[in-house]
Every structure is written in structure tokens, then in C-alpha cells.
Chemist: 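Quick one: the structure is below, and I'll ask about it shortly.
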Amino acid sequence: MLNCKEFEQFIDDYIDGSLPENVSRKVYLHLLACGDCRSYITAYQSSIEMGKAICDKLDSEVPEDVPEELITLVLENIKQKGSKED
Amino acid sequence: MSDNKWTNNSEDIPEEELITRLCSGEESSYIFLMRKYGRRLYAIARRYTNSDEDAKDCVQQTYIQVFNNIHKFEKRSSLWSWMRRILINISLKTLQSKHRGQELSISDLLPEYDSNNCRTETNWQFTESIDVIISKKESTEIVQKAIYSLPQDYRLVLLLRDIEGYSTEEVATMLEISVSASKTRLHRARAAFKKLLEPLMGV
């Protein structure tokens, strides 16, 4: 039977479903027996979910307008490069 | 097609057509692309650099690189994915050139065990659904603070893998580390991130 510290190293592969059958079974048996690790893996997955959801939310709230300064600087740079090549 | 349509972004342009016009060097297509994606790219660059000025520079460099290399774009991904990859590579290079400053030690953020190798952390109590937690303003602040509190080597892996969605192998390539180092860092980063989010759960 795995202990909590040994269980820890398999968490990501367990979540991804990429563990070999025999190891996956050991992890599953540990989770059945250990309430702390059940709680931990739920919190671990939730924190990934919350991080992704909040970053996506921040990205979606970005205003549409783009500073004219950026457009001007980029166009100038491209033109300078073009004129050097001519 | 009027120039106005290209520059005010009131309508979307089919990607195939946009790429053709970018390749032919039409200024209005450059402006269209900058207006369409500029802010989204800025938000991503800001997440990596944690600096308004550096984020602006990264977006500017990205567009210059995109316009100068558009003829090399092989369409194996969408134009957005290609641009985002260029932006992230530029942001990573920018970070490498900066002094890191004081960082938390990752070992202080990892799980703890007793002498029998049993967990000793306090369990999270879910008194609200994840959706409710996410919708709160203070959650955004805590998550952002947690991301920036991670030591840089771990923060980058977490951002690339869990936020941007790159594979472990892609993350390893982008950071020039081995796949096994990428996996180890990801696990530690996730464990540390979970610990840093404890204020959200009243722990």
C-alpha cells in the first residue's frame, strides 16, 4: 500500500490517466483508504481549474482598443526595414 | 474592399484572405491584425513579464516579427496560435534578461508529511461552488498574487502548461529543459499554487 508521500509522485499522471494499470490501481487503493489524499487531490485539481478560469476571465475582459502609439511604432519599424532593403 | 473595413475591425476577415494581404505587405491588413489581437497579446505578455512596459515591448516585437516573417507561416496552426507562440518566446527571452529579485523558496510551499509519511496539511472546505468562488473579485486578486508569488522557474511551467495549454513536451522545448524536469517542475508548481490559494478556501 502506498503512503501519502509515495502517492504524491503519481498525482499528475493519475489525473491525466497516463499511469500503467498496476500503478493506477495502487493509487486508487490509496485514495480509497486515505481521506486526506482524497481531499488533497480535489483541492489540487480545483486550484488548476480556478487558475485557468480566472486567467481566461482576465483575458476576456481586456478592452478592444489598441494604443495608436503601438500601431505607429510597428508600422514605422516595418517601413524602415523595407527602405533599408530597397 | 474599402480601407475602412480593414482598419476599424467592425467586421471579421477570413484568415486565408488576411494572410494573403499580410504577405503582400498591405498596411491596412497590418493595422487590422494589430487591432484584432493587440490587447489579447498584451494580456498574455503582462502575465509573463508582470510589467506594463515590458508587456508593451513584447507585443511590439511580436508584431514586427510576425510581419517580417509572415511569408514563413506554414499554416500548421491558426495565425493566432503562431502569434501567441512568438509572443511567449519573446516574453521568456525578456524575462531571462531581467534580475529576478527575491523569490519564495519552493520547498516552503510543498506538501508536508509526518514521520509516517502521512499528510499533515489542513483540508480545504468547499462551502461554495468553484463557479461562485471564481466570480468573486477577491478570488481574482488572490489567484494573480499566487501566480506572481511562485518562483519564476515554476511559474513559467504552470502558465505554459495549465493556463496556455501547451503539452509537457512543448513546455520543455520552450524553456530549454528536459521533459522530466518539465514534469517535476509542473508538479511542484501545482502543489505550491494550491498552497498559495489557501486564503480562498479559508484555510
Chemist: Given the ring of B:Trp80, does B:Arg40 sit roughly above its face, with NZ or CZ under 6.0 Å from the centre of the six-membered ring and within 45° of the axis?
Modeler: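 Judged by the rule, B:Arg40 and B:Trp80 form a cation-pi pair.
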Chemist: Does this structure show an ion pair linking A:Asp12 with B:Lys183, if we count only N-O contacts that are shorter than 4.0 Å?
Modeler: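 So A:Asp12 does not pair with B:Lys183 through a salt bridge.
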Chemist: Where does B:Ala146 contact chain A at under 4.5 Å (heavy atoms): side chain, backbone, both or neither?
Modeler: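 Neither part; nothing is under 4.5 Å.
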Chemist: Tell me which one of B:Phe67, B:Tyr37, B:Tyr63 satisfies ring pair (Phe, Tyr, Trp, His ring centres under 6.0 Å) with B:Tyr30.
Modeler: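 Result for ring pair (Phe, Tyr, Trp, His ring centres under 6.0 Å) with B:Tyr30: B:Phe67.
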Chemist: I'd like to verify something: which residue of A:Lys52, A:Glu8, A:Glu49 has the highest number of heavy-atom pairs under 4.5 Å with chain B?
Modeler: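 Most pairs with chain B among the choices: A:Glu8.
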Chemist: Can you tell which part of A:Leu58 gets under 4.5 Å to a heavy atom of chain B, answering side chain, backbone, both or neither?
Modeler: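 Contact with chain B: side chain only.
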Chemist: Would you mind telling me which of B:Lys194, B:Gln144, B:Arg119 has the largest number of heavy-atom pairs within less than 4.5 Å of chain A?
Modeler: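 When all of B:Lys194, B:Gln144, B:Arg119 are compared, B:Arg119 has the most.
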Chemist: For the interface with chain B, which of A:Ser60, A:Ala53, A:Cys37, A:Cys34 has the highest count of heavy-atom pairs at distances below 4.5 Å?
Modeler: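 If we count pairs closer than 4.5 Å to chain B, A:Cys37 comes out on top.
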Chemist: Check whether B:Gln61 gets within reach of chain A through its side chain, its backbone, both or neither, counting any heavy atom under 4.5 Å.
Modeler: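 Contact with chain A involves no heavy atom of B:Gln61 at all.
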Chemist: Is the Lys NZ or Arg CZ of B:Arg47 less than 6.0 Å from the centre of B:Tyr148's six-membered ring, within 45° of the axis?
Modeler: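 Geometry flag: not set, cation outside 6.0 Å or 45°.
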Chemist: Could you tell me whether B:Glu141 and B:Lys145 have a side-chain N and a carboxylate O separated by less than 4.0 Å?
Modeler: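 Salt bridge absent between B:Glu141 and B:Lys145.
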Chemist: With chain A as the partner, which of B:His187, B:Glu121, B:Lys56 has the greatest number of non-hydrogen pairs under 4.5 Å?
Modeler: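 Maximum pair count with chain A is reached by B:His187.
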Chemist: Give the member of B:Thr140, B:Leu196, B:Val59 that has the highest number of heavy-atom pairs under 4.5 Å with chain A.
Modeler: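 Heavy-atom pair counts peak at B:Thr140.
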Chemist: Does a donor on one side chain and an acceptor on the other come within less than 3.5 Å for B:Ser51 and B:Thr49?
Modeler: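 No pair is found: no donor N or O on one side chain lies under 3.5 Å from an acceptor on the other.
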Chemist: Can we say B:Lys98 and B:Asp54 salt-bridge, meaning some charged N sits less than 4.0 Å from an Asp/Glu carboxylate O?
Modeler: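 Yes, this pair counts.
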Chemist: Chain A heavy atoms under 4.5 Å from B:Arg46: which part of the residue, side chain, backbone, both or neither?
Modeler: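 Nothing of B:Arg46, per the 4.5 Å heavy-atom cut-off to chain A.
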Chemist: Please name the pair of heavy atoms, one in B:Leu109 and one in B:Pro151, separated by the smallest distance, quoted to 0.1 Å.
Modeler: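 Shortest heavy-atom contact: CD1-CD, 4.4 Å.
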Chemist: Given a strict heavy-atom distance threshold of 4.5 Å, which part of B:Tyr42 is in contact with chain A: side chain, backbone, both, or neither?
Modeler: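 For B:Tyr42, neither part sits under 4.5 Å from chain A.
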Chemist: Should the pair A:Glu21-A:Arg25 be classified as a salt bridge under the 4.0 Å nitrogen-to-oxygen rule?
Modeler: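 Salt bridge absent between A:Glu21 and A:Arg25.
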Chemist: Heavy-atom pairs under 4.5 Å with chain A are the metric here; pick the option from B:Thr120, B:Ile44, B:Val143, B:Asp131 that has the most.
Modeler: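 Highest number of heavy-atom pairs under 4.5 Å: B:Val143.
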Chemist: Out of B:Ile147, B:Ile133, B:Asn68, B:Thr184, return the one with the most heavy atom pairs under 4.5 angstrom to chain A.
Modeler: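 That would be B:Asn68.
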Chemist: Is there any residue in residues 152-164 of chain B with a non-hydrogen atom under 4.5 Å from a non-hydrogen atom of chain A, and which ones are they?
Modeler: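 Contacts with chain A: B:Arg161, B:Asp162, B:Ile163.
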Chemist: Report which part of B:Ser139 has an atom under 4.5 Å of a heavy atom belonging to chain A: side chain, backbone, both, or neither.
Modeler: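 When you check distances to chain A, atoms from both the backbone and side chain of B:Ser139 fall under 4.5 Å.
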Chemist: Between A:His30 and A:Tyr14, does the side-chain hydrogen bond (donor to acceptor under 3.5 Å, both in side chains) criterion hold? Intermediate values first, please.
Modeler: CA-CA 12 Å; A:His30 177 78; A:Tyr14 182 74; over 6 Å; no
Chemist: Heavy-atom cut-off 4.5 Å, strictly under: side chain, backbone, both or neither for A:Asp36 against chain B?
Modeler: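 Both parts, backbone and side chain.
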Chemist: For the residue pair B:Asn116 / A:Asn3, report whether a side-chain donor-acceptor contact shorter than 3.5 Å exists.
Modeler: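 Side chains of A:Asn3 and B:Asn116: no pair found under 3.5 Å.
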Chemist: Who among A:Glu68, A:Gln9, A:Glu6 has the most heavy-atom pairs with chain B under 4.5 Å?
Modeler: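 Result: the option with the highest number of such pairs is A:Glu68.
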Chemist: Judged by modelled atom types alone, do B:Ser78 and B:Ser81 share a side-chain donor-acceptor pair under 3.5 Å?
Modeler: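 Note: B:Ser78 and B:Ser81 side chains meet the donor-acceptor criterion.
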Chemist: Salt bridge or not for B:Lys195 and B:Glu112, using N-O below 4.0 Å?
Modeler: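 Yes, charged N to carboxylate O under 4.0 Å.
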